[in-house]
There are 2 protein chains.
Amino acid sequence: MIRVLLVHDASLVRSVLADWLRREDDLRVYDTSWRAAPGRVASVRPDVCAVDLASSGTPGVPLLGELCRCTTGTGQPRLLVLADAHRPGLLRKAREAGALGYVGKEGAPECLVEGIRRVAEGERFVDASLGSGFLEAAEMPLTRRELSVLSLAAGGASVAEIAGSLHLSHGTVRNYMAAITRKTGARNRVDAIRISQGRGWV
Amino acid sequence: MIRVLLVHDASLVRSVLADWLRREDDLRVYDTSWRAAPGRVASVRPDVCAVDLASSGTPGVPLLGELCRCTTGTGQPRLLVLADAHRPGLLRKAREAGALGYVGKEGAPECLVEGIRRVAEGERFVDASLGSGFLEAAEMPLTRRELSVLSLAAGGASVAEIAGSLHLSHGTVRNYMAAITRKTGARNRVDAIRISQGRGWV
């Protein structure tokens with residue numbers, strides 16, 4: 001039996017997905033919200049965590065690291081993400097967090113079952129529908145520092161606040177913002193934030 | 001038999017939800033993406049359209065009006081939305097578009113079935129979990145004109161572009177932006193856009 005913990009914030013969709021997975025004889029399925037996920041990992045001790053990064057309005061990205069830290073001690077569970085090819089930034093964050101499996105939301109639900117089985121064996125699994133997303137993730141034009149500046153700006157911080165947080169001068173922050181606007185092909189700062197959020201970079 | 005057209009952009013979730021609904025003897029379930037929805041309404045002629053407004057990265061709001069226009073001629077289908085209490089702006093748009101049923105994503109999946117049956121009878125259905133969202137939707141502080149300005153700003157338009165689009169002076173656009181920032185309790189323009197997008201206002 002493969003013990004699966006399904007992490008998704010919308011309980012309606014989560015229940016239905018979990019029910020669907022329970023039709024498979026070799027899966028034992030538990031489900032939880034993002035907020036409760038770290039605790040459930042400890043109690044359920046799943047072989048595979050299948051997570052939706054962008055469910056509901058609360059992307060699980062901030063908790064992804066915590067989830068991985070919970071799991072590193074035991075070597076288990078393996079992480080599989082339900083991902084969207086149009087948001088390469090989220091794919092990139094999942095990869096950086098050590099996810100082993102990637103199943104596209106545009107794919108067939110059978111892919112999810114196959115992905116869970118492969119990841120449970122410790123194998124990498126990437127759904128074909130995510131190819132373009134990974135290509136775009138590899139081509140992300142912004143540096144890590146530019147992403148930090150952009151994340152703060154997207155959160156509503158002013159130039160002065162960003163400068164204070166990152167120990168930079170105001171001029172340097174403005175230069176970063178100008179570089180970000182140019183590299184994303186945006187018309188201005190707000191447009192750069194819009195484009196980057198759409199792709200899941202910030 | 002109630003003919004149901006399920007509209008959701010992520011085909012994996014959509015297939016599983018449709019399968020789940022097909023277990024009910026009185027439902028005949030079809031499913032489609034937002035892009036294909038208006039055409040499918042014409043061919044399937046459903047009694048109820050059950051739509052997820054915020055599925056994938058492409059909220060269906062711009063198409064909601066079109067979907068309603070497709071259906072107005074026949075008096076059918078009735079519209080039911082899968083909604084999120086944390087995004088009162090989307091609830092408001094659904095209400096303005098004439099949706100009859102509202103099922104919360106945080107509710108039990110059985111609510112969706114009950115909502116479909118009630119809406120098929122022409123009755124209003126509001127899931128209890130959405131109460132707070134509707135309350136917040138009623139308290140939305142921005143005027144229609146402020147929302148127009150904010151939508152353009154959120155799309156990356158400059159003050160000059162917004163002024164051109166809405167036939168306003170630059171100063172008037174700046175006054176609107178200041179009022180929006182104050183009313184949303186934001187620190188600045190970018191913060192006002194962030195707060196309003198989080199609530200689904202724009």
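Here is how names work: the chains are called A, B, and so on, in the same order as the sequence lines, proteins then strands, and each is numbered from 1.
Each of Val16(A), Val13(A), Val190(A) has some count of heavy-atom pairs under 4.5 Å with chain B, and the biggest count is that of Val16(A). With respect to chain A, the highest number of heavy-atom pairs below 4.5 Å among Asp19(B), Val103(B), Leu112(B), Leu82(B) belongs to Asp19(B).
In terms of heavy atoms, Ser15(B) sits closest to Pro109(A) at CB-CG, 3.7 Å. Taking all atoms of both residues into account, the shortest heavy-atom contact from Arg187(B) to Ala157(A) is NH2-N, 3.7 Å.
Proximity to chain A (any heavy atom under 4.5 Å) is shown, for Ile195(B), by neither the backbone nor the side chain. Proximity to chain A (any heavy atom under 4.5 Å) is restricted, for Ala154(B), to the backbone atoms N, CA, C and O. Heavy atoms of Arg199(B) lying under 4.5 Å from chain A are absent altogether. Only the backbone of Ala153(B) comes within less than 4.5 Å of a heavy atom in chain A; its side chain stays farther off. Only the side chain of Ile193(B) comes within contact range of chain A, with at least one heavy atom under 4.5 Å from a heavy atom of that chain.
The shortest side-chain heavy-atom distance between Leu12(B) and Glu110(A) does not fall under the 4.5 Å cut-off. Looking only at side-chain heavy atoms (C-beta outward), His86(A) and Asp9(B) stay at 4.5 Å or farther from each other.
Residue-environment remark: CZ (Arg28(B)) stays at or below the threshold of 12 foreign heavy atoms within 6.0 Å. Annotation: Arg189(B), atom CZ; neighbour count of heavy atoms from other residues, nucleotides and ligands within 6.0 Å does not exceed 12. Open room surrounds CZ on Arg124(B); 12 or fewer heavy atoms of other groups in view lie less than 6.0 Å from it.
Between the side chain of Asn188(A) and the main chain of Gly156(B), a donor-acceptor pair closer than 3.5 Å is present.
Summarising the geometry, atom CZ belonging to Arg194(A) is positioned 9.5 Å from atom CD belonging to Gln197(B); distances are rounded to the nearest 0.5 Å. Here Glu106(A) contributes atom CD and Arg14(B) contributes atom CZ; the two are 7.5 Å apart, rounded to the nearest 0.5 Å.
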Can I get a per-line list of side-chain donor-acceptor pairs under 3.5 Å for residues 163-170 of chain A, giving both atom names and the distance, sequence neighbours left out?
| residue | atom | partner | partner atom | Å |
| --- | --- | --- | --- | --- |
| Ser165(A) | OG | Glu161(A) | O | 3.1 |
| Ser169(A) | OG | Thr172(A) | N | 3.1 |
| Ser169(A) | OG | Thr172(A) | OG1 | 2.7 |

